[in-house]
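Below you'll find the structure, written out as structure tokens, and then a few comments.
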Amino acid sequence: MNALLFTLTLAVYLAATVAYLAYLVKPREILGKVSRWLLMAGFVVHCAYTVDRYLEAGHTPITNLHESLSFFSLAIVGLYLLFERKYRIVILGSFVTPLAFLIMAGSTGFPSAIMPLNPALKSKWLMLHTSMAFLSYAAFTVAFGAAIMYLIQQYFLKNKKLGPMYQKLPSLDVLDEINYRCLTIGFPLLTFAIISGAIWAESAWGTYWSWDPKETWSLITWFVYAALLHGRLTTGWRGKKAAILAIVGFFVLLFTFLGVNLFMSGLHSYK
Amino acid sequence: MNIVVVGLSHKTASVDIREKVAFAPTQMEKPLKALLALEDIAEAVIVSTCNRVEIYITTRDIAGGMARIKRFLADFHQIPAETLEPHLYTHHGEAAIRHVFRVASSLDSMVVGEPQILGQIKTAYGYAAEYKTSGIILNRFLHKAFSVAKRVRTETKIASSAVSVSFAAVELARKIFGDLSDKTVMLIGAGEMCELAAKHFITNGVRGVMVTNRTYERAVKLAEEFEGKPVPFEDLFDQLHKADIVLTSTGATHFIIKPKDVEEVIRRRKMKPMFFIDIAVPRDIDPKVNDVENVYLYDMDDLQGVVASNLQQRAEEAKKAEAIIDEEIGQFHKWLSNLEVTPTIVALRSKFEETRKAELEKTLAAWKDLPPDGAKRLEALTAAIVNKLLHPPTATLKRAGQGGRTDLYIDAIRTLFELQTGGSEAEELGELEE
């Protein structure tokens with residue numbers, strides 16, 4: 001049952017990705033609608049998969065890379081659907097949905113068997129800490145998509161290359177706004193994830209902060225986004241600079257999430 | 001019944017001819033009624049814009065109808081018929097349908113895809129409807145033309161891009177700023193082009209206008225015109241950061257705005273994007289300004305480049321539009337040819353005959369103790385009833401057919417008895433209210 005729901009989610013996400021990419025080529029209204037319905041269907045199945053796994057395992061299913069990647073993807077899709085509702089920019093999906101699909105597909109590369117929970121993780125903090133972290137990651141992923149679009153569109157405008165892609169992409173202003181909105185969602189969530197992690201660490205390991213690689217890199221990520229938020233609010237790091245920083249931030253974040261787990265050992269490597 | 005089009009347009013006549021044959025929009029009753037008074041003209045619509053004058057009629061006699069309309073145009077405007085003749089084009093049948101569909105879809109316009117023509121035809125049709133000079137055929141025909149135009153508009157990108165320099169500037173601003181309603185435009189210098197562009201920005205909803213000029217009085221005068229704020233030329237760089245969109249067209253022979261000025265200004269704006277439009281030749285703004293972050297500079301050549309590529313795109317979209325029109329012509333043509341007397345009588349008869357036969361068979365099949373000649377007698381009885389009932393409408397139709405106005409009866413009969421026609425009525429009605 002669980003495996004079936006997973007496969008179904010992956011298949012529907014693939015279909016939605018294809019539809020969104022087709023929309024990028026031919027922005028027909030009907031294609032946009034199909035894309036949205038597919039992604040929503042995928043989201044529903046994905047939720048069902050996650051809940052089913054929660055019931056089967058008896059704990060929050062974010063305890064290994066397979067589960068984390070899946071939840072990351074779920075958070076991206078959920079957040080993106082909210083953004084599409086608010087801003088009505090279907091083409092954003094052409095940039096975000098493929099990422100969600102790739103992350104979901106990436107989770108197949110790791111063992112999916114439900115393992116008994118590591119005793120250190122048995123805590124009410126597990127759900128809060130991990131879901132906050134991944135929701136913030138999702139916000140930064142949407143920001144990454146919008147930032148890529150921003151850079152493409154500003155390249156077209158600067159160089160006066162006003163081809164079909166320029167016509168399809170939305171205004172710089174709205175892309176910058178999405179970037180900012182994601183930052184204001186993602187940053188508090190990340191902050192909260194780090195704080196809740198520290199409190200949890202105190203109760204589980206006896207110390208708030210132990211410079212575990214995950215902690216160190218989370219802090220680096222936090223500083224990148226803090227710098228961006230600060231720059232935005234004070235000296236006006238908007239537009240191109242904000243877009244570039246959102247992209248840099250996203251790669252730092254990817255390393256914090258994947259790089260640390262794959263290449264470094266520490267308290268956070270639960271394989 | 002035939003649809004006939006007689007007219008002239010910017011393609012066949014120069015403006016001095018066009019203005020002579022134009023009809024005043026407020027006085028359409030007289031020409032419309034005069035047209036209906038002519039021999040064998042059942043319906044009439046007059047379309048008169050600055051680029052075309054066209055008359056659409058329905059008539060039984062194509063050649064005669066065309067000749068009468070030509071004479072009418074010459075007489076009504078008191079122009080010698082020989083002067084007018086070389087500029088006039090005439091269409092009938094399928095060609096007339098195609099012509100009107102193309103005109104309504106703005107494929108025949110001077111600037112292909114311009115949106116005004118559809119409204120102008122709707123207005124023209126409004127007059128004809130008001131003075132009751134359009135009837136069932138032209139009503140249906142023009143509603144169809146409106147729906148074709150709408151289809152062309154939504155299914156092709158024929159009108160999606162700007163084809164004038166000032167519209168191109170507004171469109172670029174939209175791609176930079178999104179919503180323009182909280183943006184401010186600053187005009188530096190004056191000039192027709194610059195003012196036109198400013199007007200476009202104002203009609204597209206910018207919030208504020210600032211005007212500066214080397215002669216302060218001119219700035220004040222122009223600011224009044226745009227309900228904006230005059231700025232002394234010396235204060236330009238103190239005020240420039242308040243503007244999101246800057247239009248320049250001064251007579252200066254050197255650059256008045258340089259990269260380092262703009263860097264300063266943009267810092268004061270906390271890096272909020274700026275859009276500079278340099279319409280002056282020689283240019284007012286150093287092209288290197290475009291390299292400043294979050295600043296976009298377009299000069300006259302850039303804007304004209306945008307317009308040229310948009311025009312090319314329209315030409316490609318026009319091909320798609322022609323295909324849509326081809327599709328729609330067939331449907332309408334079928335409906336029109338159904339409005340003839342003979343096919344209608346045939347269709348009506350066969351409908352009655354089918355019903356009669358079906359009911360008769362049902363009765364005969366269930367009738368067990370039918371007398372030997374019963375079937376024959378029932379056959380004769382039902383046939384007689386059907387013939388008697390069909391006689392008056394058939395006779396009326398044939399009689400009306402000689403008189404001219406059969407279309408009303410035919411359409412009524414086809415609708416009441418559900419005889420098949422092309423296209424659905426509901427889809428096309430209600431178009432005009434938009």
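Chain letters run A, B, ... following the sequence lines, proteins first, then strands; residues in each count from 1. What you see is a predicted model, and the numbers here were worked out from it, not measured in a lab.
At most 12 non-hydrogen atoms from other residues, nucleotides or ligands lie less than 6.0 angstrom from NZ of B:Lys272. Enclosure of atom NZ in B:Lys183 by more than 12 non-hydrogen atoms of other residues, nucleotides or ligands within 6.0 angstrom is indicated. Enclosure of atom CD in B:Gln312 is not indicated, since only 12 or fewer non-hydrogen atoms of other residues, nucleotides or ligands lie within 6.0 angstrom. Atom CH2 of A:Trp37 has 12 or fewer heavy atoms from other residues, nucleotides or ligands within 6.0 Å. The environment of A:Phe223 atom CZ is sparse: at most 12 non-hydrogen atoms of other residues, nucleotides or ligands sit within 6.0 angstrom.
With rounding to the nearest 0.5 Å, the separation of NZ in A:Lys160 from CG in B:Asp299 is 6.5 Å. The distance from atom CD1 of B:Ile176 to atom CG of A:Asp176, rounded to the nearest 0.5 Å, is 13.0 Å.
Remark: side-chain polar atoms of A:Lys158 are paired, donor with acceptor, to backbone N or O of B:Asn290 under 3.5 angstrom. At least one donor-acceptor pair closer than 3.5 Å links the side chain of B:Lys175 to the backbone N or O of A:Gln167. The closest donor-acceptor contact from the side chain of B:Lys270 to the backbone of A:Arg232 lies at 3.5 Å or more, if one exists at all. A donor-acceptor pair under 3.5 Å links the side-chain atoms of B:Tyr298 to the main chain of A:Leu157, judged by distance alone.
Looking at A:Tyr166, the atoms closer than 4.5 Å to chain B (heavy atoms on both sides) sit in the backbone and in the side chain alike. Contacts between B:Lys157 and chain A at a heavy-atom distance below 4.5 Å are absent for every atom of the residue. With a threshold of 4.5 angstrom between heavy atoms, B:Asp291 approaches chain A through N, CA, C or O but not through any side-chain atom. Heavy-atom distances place the side chain of B:Asp302, and not its backbone, under 4.5 Å from chain A. Of the two parts of A:Leu169, only the backbone, made up of N, CA, C and O, holds a non-hydrogen atom closer than 4.5 Å to a non-hydrogen atom of chain B. Contact annotation for B:Gln313: only side-chain heavy atoms (C-beta onward) come within less than 4.5 Å of a heavy atom of chain A.
When all heavy atoms of A:Ser171 and B:Gly178 are compared, the closest pair comes out as OG-CA, 3.4 Å. Contact detail for B:Leu172 and A:Leu162: the closest heavy-atom pair is CD2-CD1, 3.7 Å. In plain terms, the two heavy atoms of B:Pro273 and A:Arg238 that are nearest each other are CD-CD, 4.3 Å.
Taking chain B as the reference chain and counting heavy-atom pairs below 4.5 Å, the highest number among A:Asp173, A:Leu175, A:Val174 is found for A:Asp173.
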